[in-house]
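Residues take their numbers from the sequence shown, with the count starting at 1.
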Amino acid sequence: MAKFMDVHHDMKGITAEQLHAAHQADLAAEGEEGVHFEAAWADPESGTVYCLSEGPSAAAIQRVHERTGHPADEIHPVPLQV
């Protein structure tokens, strides 16, 4: 499976509890699309949230995010990792 980093904007003021809840929602729905959300990070000041995941396609990642109420603004493949 391929790795992806997606970016969500306009989440200014997000709390740790809200980030955790959004990540848990993604984890609960990920099996429907054959993806796995590995981690999420947020900068409450800028409103930017990042998610690292594995899946068959960017479209599959987006479908999970849409289903859980927080579609990604950008999804980038991450073909190399060290």
Side-chain angles (χ1 to χ4, degrees):
M1 275 198 287
K3 281 199 187 270
F4 297 91
M5 179 67 72
D6 60 73
V7 184
H8 305 258
H9 300 288
D10 300 323
M11 298 185 86
K12 195 168 188 151
I14 189 169
T15 65
E17 293 81 15
Q18 291 169 322
L19 179 64
H20 179 75
H23 184 65
Q24 289 304 117
D26 289 336
L27 292 175
E30 68 184 13
E32 299 170 24
E33 295 289 343
V35 303
H36 174 62
F37 289 90
E38 297 180 11
W41 301 267
D43 176 2
E45 190 172 314
S46 71
T48 307
V49 173
Y50 304 91
C51 300
L52 180 66
S53 58
E54 286 186 328
S57 67
I61 304 295
Q62 185 69 292
R63 284 191 295 271
V64 173
H65 278 318
E66 288 173 350
R67 203 171 287 125
T68 57
H70 46 271
D73 295 303
E74 304 168 33
I75 302 178
H76 304 277
V78 184
L80 297 175
Q81 180 178 348
V82 296

Enquirer: Do you see a donor-acceptor pair shorter than 3.5 Å between the side chains of Asp10 and His8?
Expert: no
Enquirer: Judged by atom type as modelled, is there a donor-acceptor pair below 3.5 Å linking the side chain of Glu54 to the main-chain atoms of Glu38?
Expert: no
Enquirer: Given side chain to side chain contact (heavy atoms under 4.5 Å, CB included), test Val64 with Asp26 step by step and report yes or no.
Expert: CA-CA 6 Å; Val64 173; Asp26 289 336; 4.1 Å; yes
Enquirer: Identify the two heavy atoms, one from Val35 and one from Pro56, that lie closest to each other, and give their separation to 0.1 Å.
Expert: CG1-CD, 3.7 Å
Enquirer: To check you understand the geometry: which heavy-atom pair defines the closest contact between His23 and Ala40, and what is its length?
Expert: ND1-CB, 4.1 Å
Enquirer: Test your reading of the model: is there a side-chain donor-acceptor pair from His70 to the backbone of Thr68, 3.5 Å cut-off?
Expert: yes
Enquirer: With clusters defined by side-chain heavy atoms of hydrophobic residues (ILVMFWY) lying less than 4.5 Å apart, directly or transitively, does Val78 cluster with Tyr50?
Expert: yes
Enquirer: Rounded to the nearest 0.5 Å, what's the gap from OG on Ser53 to NE2 on His36? Could you check?
Expert: 9.0 Å
Enquirer: Measure the SG-CZ distance between Cys51 and Phe4 for me, rounded to the nearest 0.5 Å.
Expert: 13.5 Å
Enquirer: Tell me the closest heavy-atom pair linking Ser46 and Asp43, and the distance in Å.
Expert: OG-OD2, 3.1 Å
Enquirer: Do other residues, nucleotides or ligands put more than 12 heavy atoms under 6.0 Å from His76 NE2?
Expert: yes
Enquirer: Can you measure from CD1 (Ile61) to CE (Met5) and round to the nearest 0.5 angstrom?
Expert: 11.5 Å
Enquirer: Below 6.0 angstrom between ring centroids: does that apply to His65 and Phe37?
Expert: yes
Enquirer: Please report the shortest heavy-atom distance between Ala42 and Val49, naming the atom on each side.
Expert: CB-CG2, 3.8 Å
Enquirer: Out of curiosity, Glu30 CD to Glu32 CD, how far, rounded to the nearest 0.5 Å?
Expert: 10.0 Å
Enquirer: Pair His9, Thr48 - check side chain to side chain contact (heavy atoms under 4.5 Å, CB included), show working.
Expert: CA-CA 5 Å; His9 300 288; Thr48 307; 4.1 Å; yes
Enquirer: First locate atom CG of Leu19, then atom CD of Gln24, and finally report the distance between them rounded to the nearest 0.5 Å.
Expert: 10.0 Å
Enquirer: For a 4.5 angstrom cut-off between non-hydrogen side-chain atoms, does Gln18 reach Met11?
Expert: no
